[in-house]
Amino acid sequence: MEPLYKPEGVEERWQRTWEDEGLYAAEPGSRRETFVVAHPPPNVTGALHTGHALQIALADLLVRWHRMRGFETAFLTGYDHAGISTQNVVEKHLLEQGTSREEVGRERFVEIVWDWLREYGGTIMGQFRRMGASMDYRRERFTMDDAYVRAVMRFFVHLYDKGWIYRANRIINWCPHHETSLSDLELVHEEVDDALTYVRYPFADDPADGVTIATARPATILADVAVAVGRGDGRWRHAVGREVVVPFVERVVPVIEDERVDPEFGTGALKVTPGHDPLDFDIGRDHDLPELTVIGPDGRMNGEAGELAGLNQEEAEERILAWLRERDQLMKREAYRHSIALCERCKSRIEPLISLQWWCRMDEIKQPALAALREGRVRYVPESQHRYAIDSLENAPDWNISRQLWWGHQLPVWECPDGHLTVREEEPGACAECGSAELKRSEDVLDTWFSSALWPFAILGWPERTPELDAWYPGTLNTTAREIIRLWENRMIFSGLELLEEIPFSRVIIHTTVLASDGRRMSKSLGTGLDPLDLVAEHGADATRYGLLKLTSSQDVRFSEGAIEEGRKLANKLWNVSRLILANVGDATPELRPRALEERWIAWRLDQAQAQLEEQFGAYEFSSAMGVLYHVTFDDFCDWYAEAIKPRLYDGDEDARATALANLERLLKLLHPAMPHVTEEIWSNLPGRETRLIVSPWPEPVSAEDASAEFEPIRVAAEVFRRAGVRAPLDEEQQRIFDAVVKPDRAKVDGGDLEAEAERLRGEIARAERMLANERFVQNAPGEVVEAEREKLERYRRELDALGA
RNA sequence: GGGCGGUUAGCUCAGUUGGGAGAGCACCAGCUCGACAAGCUGGGGGUCACUGGUUCGAGCCCAGUACCGCCCACCA
């Protein structure tokens with residue numbers, strides 16, 4: 001064994017072995033208690049990013065821990081077809097080939113996507129494997145698998161039959177580049193420098209006078225159908241009820257009152273354009289105003305724009321502004337900074353357009369989910385996210401589920417020439433209403449999240465009643481990032497409750513977001529991304545897993561390589577202490593025979609560390625757990641225990657040798673869920689090892705006595721000796737350990753610090769005495785706090801005595 | 001405009017019902033002994049963002065201020 005642990009090669013070897021030997025495999029027939037994680041499906045075109053890596057580290061730790069604890073673990077995985085994202089990628093690819101989606105047509109385009117995916121997609125599973133994720137890769141699923149598609153169709157028809165899916169003309173977010181609608185959740189907002197334009201709309205009956213409005217989008221003036229002012233706004237009382245003339249198109253429209261107009265903004269008068277603004281749309285519907293449209297799906301002025309038809313919005317705006325200037329109706333133009341909505345994929349400016357889309361009503365379907373959340377049957381961790389999840393579900397608006405894309409699940413809706421709709425899982429032969437055989441399927445596809453919502457049970461074969469579904473639904477937990485709560489987690493909960501009448505999992509762990517080291521978001525476009533595979537190549541998957549878990553926190557954290565480095569050091573330290581033990585145990589086999597003080601003590605320390613780990617794993621406190629592993633390995637196991645038993649190992653003490661192996665075994669088990677590879681590698685070098693660590697049982701506590709009362713004096717003596725060069729009185733056993741661990745030549749034996757050390761201790765003693773003399777403290781503080789203070793006082797006094805010895 | 005979180009050592013972060021300011025990394029010094037391309041030991045370094053309050057006692061509780069994030073929102 002080399003003195004430096006080198007993870008490369010070792011890790012890949014174990015990854016192959018574990019999978020080949022079927023140790024990742026889950027079997028639905030098991031009678032054991034189950035631990036099921038349906039891992040979030042990555043985009044089929046995606047590559048591993050830091051968020052995935054953290055998610056893997058976290059979920060795999062829990063899975064491996066439960067596997068060792070005897071649970072039947074099902075760590076399930078697969079891909080999301082990621083409608084808009086995948087379409088985007090393939091369209092770019094077509095562009096490079098000198099063609100386009102439009103040119104090849106829908107049918108051919110979908111074929112090209114499939115071909116493209118077969119060639120370039122689906123690389124991330126290899127990266128999951130490289131992280132050591134112990135998923136059952138045999139059960140990999142894809143949201144476009146035939147069986148999955150059937151589940152999606154069933155869901156749609158089910159909701160439609162219940163009357164919860166409907167079609168309506170509403171104002172929606174339109175991406176002019178993708179030419180599709182988007183839900184609010186698929187937008188990003190960005191501040192831009194713009195202009196606010198003040199335009200006078202003359203009264204129809206008195207053109208010299210009029211109402212001045214402020215607008216950020218003069219091009220939409222052509223679709224104005226009213227001017228609105230705040231209810232009871234005195235400034236405009238004379239205008240309400242009269243009519244004004246819309247510039248350029250010279251349309252006569254009413255001046256109305258509405259409480260949604262903010263009197264503080266601009267002039268307090270708003271031009272109402274229901275066709276191109278969400279607020280105006282609402283106002284228009286309530287006042288029964290017409291809905292005009294002058295901008296088309298391509299973002300350019302459409303046929304309704306008269307002489308401006310075909311122009312882009314900037315050009316149209318120029319023409320309109322010129323028109324206004326000529327007539328002296330352009331009152332003012334001022335700089336205006338505001339935020340606009342962009343398509344999160346292509347960053348095109350979102351166009352609010354009225355469009356016929358499919359919607360899912362939320363009011364009824366969300367109720368059981370809300371109840372489950374409120375009652376804590378499903379709990380988000382941390383608690384703050386639980387409140388947020390409830391809040392966002394309570395306020396969830398109807399869900400726009402249709403998209404005008406080509407890649408995705410086509411709606412199971414057929415329309416006959418008379419406009420009747422037939423909704424069936426399979427293509428119907430005739431219109432359900434009039435019997436017409438001339439049916440045309442809706443061209444829309446479903447929002448990707450509509451299918452993702454079924455993930456925890458569709459991957460188990462639902463709607464078929466499969467053994468997997470019986471065994472693994474409901475699952476156990478889900479891990480994800482904060483921004484996915486509304487998009488995915490909540491939707492899995494309500495769809496699971498609706499279709500299977502059971503929650504899909506009882507815990508959702510919302511993990512830390514790892515920011516770039518400068519505090520910005522990690523993102524490819526900002527160039528702040530970080531390839532976790534580079535970290536794995538440099539430090540190993542174990543170190544990377546450890547580092548990411550160490551970074552987890554109650555808040556977002558900046559990435560620091562130091563955490564990964566710490567993991568690398570831990571792996572190396574473990575490797576080396578194993579070398580020490582393995583090289584000096586002769587033909588001993590692992591067996592716990594603790595006799596000597598250091599053996600009774602390390603058994604107790606390992607018990608303690610294990611108890612802490614179990615508590616922290618159970619509470620999803622991964623960073624603290626990594627701290628426990630680090631310190632128990634370095635400080636307790638290596639610096640004290642290993643040093644103390646060295647002479648006995650060399651001397652051939654069989655009890656010490658067997659016990660050392662047993663203790664090493666136990667340490668490896670504690671570390672395995674976080675650092676699976678290095679621990680398995682060392683495990684395989686232990687004498688008489690035939691089973692794998694990955695499936696070996698999690699240790700039972702040794703139930704050792706608390707040996708600290710005998711052991712602590714050695715630590716105190718060592719501290720005093722190192723600081724002041726004074727040796728404290730110890731009994732024979734203690735002295736043996738002291739001599740093994742605290743070598744004389746390592747101590748600073750100059751005695752010069754003696755008085756300073758005594759002074760420090762006297763200060764501590766005085767402080768402790770003061771506190772204990774304080775009646776209010778003794779009466780009010782919790783008993784254990786007071787007791788701890790008494791113990792401290794005694795310990796300081798002992799140390800002071802030792803100094804004087 | 002709302003909601004949530006943050007501000008602790010040079011860096012990244014802990015600090016669990018209020019009771020000795022911590023870890024890892026970095027830095028300095030000593031040691032190097034039969035696991036450790038390193039390790040071990042010791043050390044320097046902090047007005048716990050600021051201001052007030054409660055308390056015998058505040059990093060922690062309360063009120064306010066400043067700055068930094070994130071999420072949400074139809075201010076044209």
Side-chain angles (χ1 to χ4, degrees), chain A residues 1-5 171 184 189 196-197 213-217 220 228 260-262 264-267 269-273 277-283 336 338-339 341 352 384-385 387-388 391-392 395 482-483 485-486 513 515 517 519-521 550-563 565-566 569-570 572-584 619 621 623-624 626-627 630-631 634 638-639 642-643 646 649-650 718-719 722-723 740-748 750 753 763-764 767-768 770-771 774-777 779-782 785-786 788-789 792 796:
Chain A
M1 287 169 84
E2 294 290 315
L4 175 68
Y5 172 63
I171 194 147
D184 291 345
H189 295 270
L196 191 62
T197 307
I213 57 87
T215 179
R217 301 190 60 197
T220 65
R260 280 163 288 197
V261 179
D262 178 3
E264 305 293 319
F265 190 90
T267 62
L270 165 76
K271 73 183 199 64
V272 180
T273 322
D277 182 275
L279 172 66
D280 297 11
F281 178 81
D282 288 344
I283 292 175
Y336 181 52
H338 65 144
S339 80
S384 58
Q385 301 306 321
R387 290 195 302 273
Y388 168 70
D391 202 51
S392 52
N395 297 316
R482 253 193 328 263
E483 69 248 32
I485 292 176
R486 296 192 307 163
T513 304
L515 306 172
S517 44
R520 290 187 296 167
R521 259 186 109 68
K550 188 70 199 285
L551 284 171
T552 60
S553 159
S554 55
Q555 56 176 320
D556 290 353
V557 290
R558 298 180 175 205
F559 177 78
S560 77
E561 197 139 347
E565 186 60 31
E566 193 178 313
K569 276 180 55 180
L570 177 55
N572 192 238
K573 189 72 174 176
L574 191 65
W575 179 253
N576 276 298
V577 78
S578 305
R579 288 177 62 222
L580 167 73
I581 293 173
L582 289 170
N584 291 288
E621 289 167 4
S623 184
S624 323
M626 294 309 106
Y630 189 89
H631 288 290
F634 270 81
C638 293
D639 295 349
E643 291 295 339
K646 256 186 201 177
L649 289 184
Y650 297 147
E719 201 176 323
R722 282 165 183 152
R723 284 224 189 92
V741 177
V742 187
K743 312 273 166 40
D745 47 271
R746 282 199 224 168
K748 186 161 48 173
D750 55 15
D753 291 328
E764 296 286 8
R767 190 198 52 79
R770 235 188 353 264
M771 281 187 68
N774 182 335
E775 279 180 34
R776 297 196 188 201
F777 168 65
Q779 282 165 11
N780 300 336
V785 172
V786 177
E789 207 57 42
K792 273 187 251 168
Y796 295 139

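These numbers come from the heavy atoms of this one structure, side chains and all, not from hydrogens, waters or symmetry mates. All values reported here derive from a predicted model rather than from experimental measurement. Chain letters run A, B, ... following the sequence lines, proteins first and then strands; every chain starts at 1.
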S.K.: For nucleotides 14-16 of chain B, list the nitrogen or oxygen atoms of the protein found under 3.5 Å from its nitrogen or oxygen atoms, one pair per line.
M.R.:
unit_1 : atom_1 : unit_2   : atom_2 : d
B/A14  : OP1    : A/Ser553 : OG     : 2.1
B/A14  : OP1    : A/Gln555 : NE2    : 3.4
B/A14  : OP2    : A/Gln555 : NE2    : 3.0

S.K.: Any side-chain donor-acceptor pair under 3.5 Å between A/Lys550 and A/Thr552?
M.R.: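 No pair is found: no donor N or O on one side chain lies under 3.5 Å from an acceptor on the other.
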
S.K.: Below 4.5 Å, heavy atoms only, C-beta onward: do A/Leu515 and A/Val557 meet side chain to side chain?
M.R.: no

S.K.: Sticking with atom C1', work out how far B/G45 lies from B/C27, rounded to a whole angstrom.
M.R.: 9 Å

S.K.: Whether A/Asp556 and A/Arg482 form a salt bridge (side-chain N of Lys/Arg under 4.0 Å from carboxylate O of Asp/Glu) is what I want to check.
M.R.: yes

S.K.: Are the side chain of A/Asn584 and the backbone N or O of A/Leu580 linked by a donor-acceptor pair below 3.5 Å?
M.R.: yes

S.K.: Expressed in angstrom and rounded to an integer, what is the separation of A/Arg579 atom CZ from B/C36 atom C1'?
M.R.: 7 Å

S.K.: Report yes if a side-chain nitrogen or oxygen of A/Tyr5 is closer than 4.0 Å to either non-bridging phosphate oxygen (OP1 or OP2) of B/A38; otherwise report no.
M.R.: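 Checking A/Tyr5 against B/A38: no side-chain N or O falls below 4.0 Å of OP1 or OP2.
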
S.K.: Looking at every strand, decide which applies to A/Asp639 at a 4.0 Å heavy-atom threshold: base, sugar-phosphate, or nothing.
M.R.: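 Counting heavy atoms under 4.0 Å across all strands, the contact made by A/Asp639 is with sugar-phosphate only.
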
S.K.: Expressed as a whole number of angstroms, how long is the span from A/Ile581:CD1 to B/C36:P?
M.R.: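 Those two atoms, CD1 and P, are 14 Å apart.
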
S.K.: Could you please name the partner base of B/U65, counting Watson-Crick and G-U wobble pairs only when both distances are under 3.5 Å?
M.R.: B/A49

S.K.: Could you give the NZ-to-C1' distance, from A/Lys646 to B/C33, as a whole number of Å?
M.R.: 7 Å

S.K.: Look through every strand shown and name the nucleotide pairing with B/A26 as Watson-Crick or G-U wobble, where both distances are under 3.5 Å.
M.R.: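 None - no nucleotide pairs with B/A26, as no candidate has both distances under 3.5 Å.
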
S.K.: Could you check how far CZ of A/Phe559 sits from P of B/C11, rounded to whole Å?
M.R.: 18 Å

S.K.: Could you check how far CD of A/Glu643 sits from P of B/C36, rounded to whole Å?
M.R.: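 Computing the A/Glu643:CD to B/C36:P distance gives 11 Å.
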
S.K.: Going 5' to 3' through nucleotides 68-76 of chain B, assign each nucleotide B (protein heavy atom under 4.0 Å from a base atom), S (under 4.0 Å only from sugar-phosphate atoms) or - (no protein heavy atom that close).
M.R.: --SSS-BBB

S.K.: If you apply the rule side chain to side chain contact (heavy atoms under 4.5 Å, CB included), what do you find for A/Lys271 with A/Thr220, and how did you get there?
M.R.: CA-CA 9 Å; A/Lys271 73 183 199 64; A/Thr220 65; 2.6 Å; yes

S.K.: On a whole-Å scale, what distance lies between the P atoms belonging to B/C11 and B/C48?
M.R.: 16 Å

S.K.: Going by centres under 5.5 angstrom and planes under 30 degrees, do the aromatic ring of A/Tyr630 and the base ring of B/G24 stack?
M.R.: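 It does not: the two rings, one from A/Tyr630 and one from B/G24, miss the stacking criterion.
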
S.K.: Rounding to the closest angstrom, what is the interatomic distance between B/G15 and B/C61 at atom P?
M.R.: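 12 Å, rounded to whole Å.
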
S.K.: To the nearest angstrom, how far is A/Glu565 atom CD from B/A37 atom C1'?
M.R.: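 It is 12 Å, rounded to the nearest whole Å.
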
S.K.: Take the angle between the ring planes of A/Phe265 and A/Tyr336 and call it parallel below 30°, perpendicular above 60°, tilted in between.
M.R.: perpendicular

S.K.: How many Å lie between CZ on A/Arg387 and C1' on B/G5, as a whole number?
M.R.: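 Result: 11 Å.
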
S.K.: How many Å lie between CG on A/Asn572 and P on B/C40, as a whole number?
M.R.: 11 Å

